Asks: 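Mind looking over this structure? Questions follow.
This one's a predicted model, so the numbers in the text were calculated from it and none came from an experiment. Reckoned from all heavy atoms, side chains included, excluding hydrogens, waters and symmetry mates.
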Amino acid sequence: MFTGLVEHVGTIESLELSDSGLPRAGTGACPDSRGGRIRINAGPLAAGLSKSGSIAVNGCCLTAVEILGASFVADLSGETLRRTSFGEMKPGTPVNLERPLTAMKELGGHFMQGHVDGIGHVARLEPEGANWWFGVTVPDELTRYVAMKGSIALDGISLTVAGWHDGTVETAIIPFTYQHTNLSSLTLGDAVNIECDVLAKYVERLMEARQESAVSRLNVARLVEEGF
């Protein structure tokens with residue numbers, strides 16, 4: 001569990017992607033076996049990391065499998081590469097880092113799981129006085145979770161939806177956020193990890209379950225009326 005308050009901007013030191021293409025044992029199927037391994041310089045955060053511990057990298061929860069001085073190493077599954085922007089990154093890319101929420105930690109952003117829902121792309125990043133407007137396109141399958149003044153995580157940053165039009169979410173960025181996250185390194189068209197508000201997803205699933213239950217009761221009632 002995370003809050004979307006970035007603690008440090010780290011740097012990708014290496015990113016190795018693999019694609020074995022080997023069929024699954026006992027079958028002729030050839031699953032998407034693409035995976036990878038990433039090494040990130042976490043600066044002062046590394047001292048607080050432990051092997052097998054979690055850390056959010058651009059909003060994606062990863063497990064540290066090795067700690068090497070000021071750096072950590074994490075494995076990337078095929079699902080992670082499909083859902084996130086890691087496949088488009090290169091060594092030297094700045095990334096937002098956040099350690100997991102603890103019981104005594106202030107909840108200053110919003111509840112985030114580190115489970116990235118999809119990839120958007122920077123559509124707007126322009127100054128307005130001392131502040132900035134940051135706009136990101138949202139995939140069609142995620143647009144139903146966007147609400148004005150609601151929360152959204154973009155590259156692991158907890159932000160408030162200040163504008164919503166034509167499939168693009170816009171957020172207002174203060175100077176501190178711009179200077180202490182990876183936003184200052186982004187350009188138009190860059191990939192951005194999106195995690196929608198988990199509360200919206202649970203509400204949607206509860207509504208779906210109610211509708212499914214109502215349909216089932218209606219079918220049974222109809223069968224009784226028909227004499228079955």
Asks: Is there a side-chain contact between Ile152 and Ile194 (heavy atoms, below 4.5 Å)?
Replies: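 Result yes, sub-4.5 Å side-chain heavy-atom pair found.
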Asks: Could you list the residues that satisfy salt bridge (Lys or Arg N to Asp or Glu O under 4.0 Å) with Asp117, not counting sequence neighbours?
Replies: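 Once residues adjacent in sequence are excluded, the partners of Asp117 under the salt bridge (Lys or Arg N to Asp or Glu O under 4.0 Å) criterion are Lys201.
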Asks: What residues, two or more places apart in sequence or in another chain, satisfy side chain to side chain contact (heavy atoms under 4.5 Å, CB included) together with Thr11?
Replies: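 Thr11 satisfies side chain to side chain contact (heavy atoms under 4.5 Å, CB included) with no other residue.
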Asks: Side-chain donor-acceptor contacts of residues 131-139 below 3.5 Å, not counting sequence neighbours, with atom names and distances?
Replies:
{"residue": "Trp133", "atom": "NE1", "partner": "Glu128", "partner atom": "OE1", "Å": "3.1"}
{"residue": "Trp133", "atom": "NE1", "partner": "Glu128", "partner atom": "OE2", "Å": "3.3"}
{"residue": "Thr137", "atom": "OG1", "partner": "His121", "partner atom": "N", "Å": "3.1"}
{"residue": "Thr137", "atom": "OG1", "partner": "His121", "partner atom": "O", "Å": "3.3"}

Asks: Of all residues at least two apart in sequence or in a different chain, which pass the side-chain hydrogen bond (donor to acceptor under 3.5 Å, both in side chains) check with Glu204?
Replies: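 side-chain hydrogen bond (donor to acceptor under 3.5 Å, both in side chains) check on Glu204 returns Arg144, Tyr145.
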Asks: Quick one: salt bridge (Lys or Arg N to Asp or Glu O under 4.0 Å) partners of Glu126, sequence neighbours excluded?
Replies: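 Applying salt bridge (Lys or Arg N to Asp or Glu O under 4.0 Å) to Glu126 gives Arg124.
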Asks: Who are the side chain to side chain contact (heavy atoms under 4.5 Å, CB included) partners of Ser14, not counting sequence neighbours?
Replies: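 Per chain and number, Ser14 pairs via side chain to side chain contact (heavy atoms under 4.5 Å, CB included) with Arg39.
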Asks: Quick one: list whatever passes side chain to side chain contact (heavy atoms under 4.5 Å, CB included) with His8, sequence neighbours left out.
Replies: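 By the side chain to side chain contact (heavy atoms under 4.5 Å, CB included) rule, His8 matches Pro44, Leu45, Leu97.
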Asks: Using a cut-off of 6.0 Å, state whether more than 12 heavy atoms not belonging to Tyr178 lie near its atom OH.
Replies: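 Above 12, so yes.
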Asks: Just jot down the side-chain hydrogen bond (donor to acceptor under 3.5 Å, both in side chains) partners of Asp155, sequence neighbours excluded, or say none.
Replies: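 With sequence neighbours excluded, Asp155 shows a side-chain hydrogen bond (donor to acceptor under 3.5 Å, both in side chains) to Asn182, given in chain and number order.
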Asks: If the condition is side-chain hydrogen bond (donor to acceptor under 3.5 Å, both in side chains), which residues does Thr80 pass it with, not counting sequence neighbours?
Replies: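 Partners of Thr80 under the side-chain hydrogen bond (donor to acceptor under 3.5 Å, both in side chains) test: Ser77.
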Asks: Could you work out, with side-chain hydrogen bond (donor to acceptor under 3.5 Å, both in side chains) as the rule, every residue matching Gln113, not counting sequence neighbours?
Replies: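 With sequence neighbours excluded, Gln113 shows a side-chain hydrogen bond (donor to acceptor under 3.5 Å, both in side chains) to no residue whatsoever.
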Asks: Output every pair passing side chain to side chain donor-acceptor pair (under 3.5 Å) with a member in residues 41-66, not counting sequence neighbours, ordered by first then second residue.
Replies: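 Applying side chain to side chain donor-acceptor pair (under 3.5 Å) to every pair that reaches into residues 41-66, excluding sequence neighbours, yields Glu13-Asn41, Arg37-Glu66.
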Asks: How is the hydrophobic cluster of Leu68 composed, in terms of its other members, when Ile, Leu, Val, Met, Phe, Trp and Tyr link through side-chain heavy atoms under 4.5 Å apart, directly or indirectly?
Replies: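 Members besides Leu68, by chain and number: Val65, Val73.
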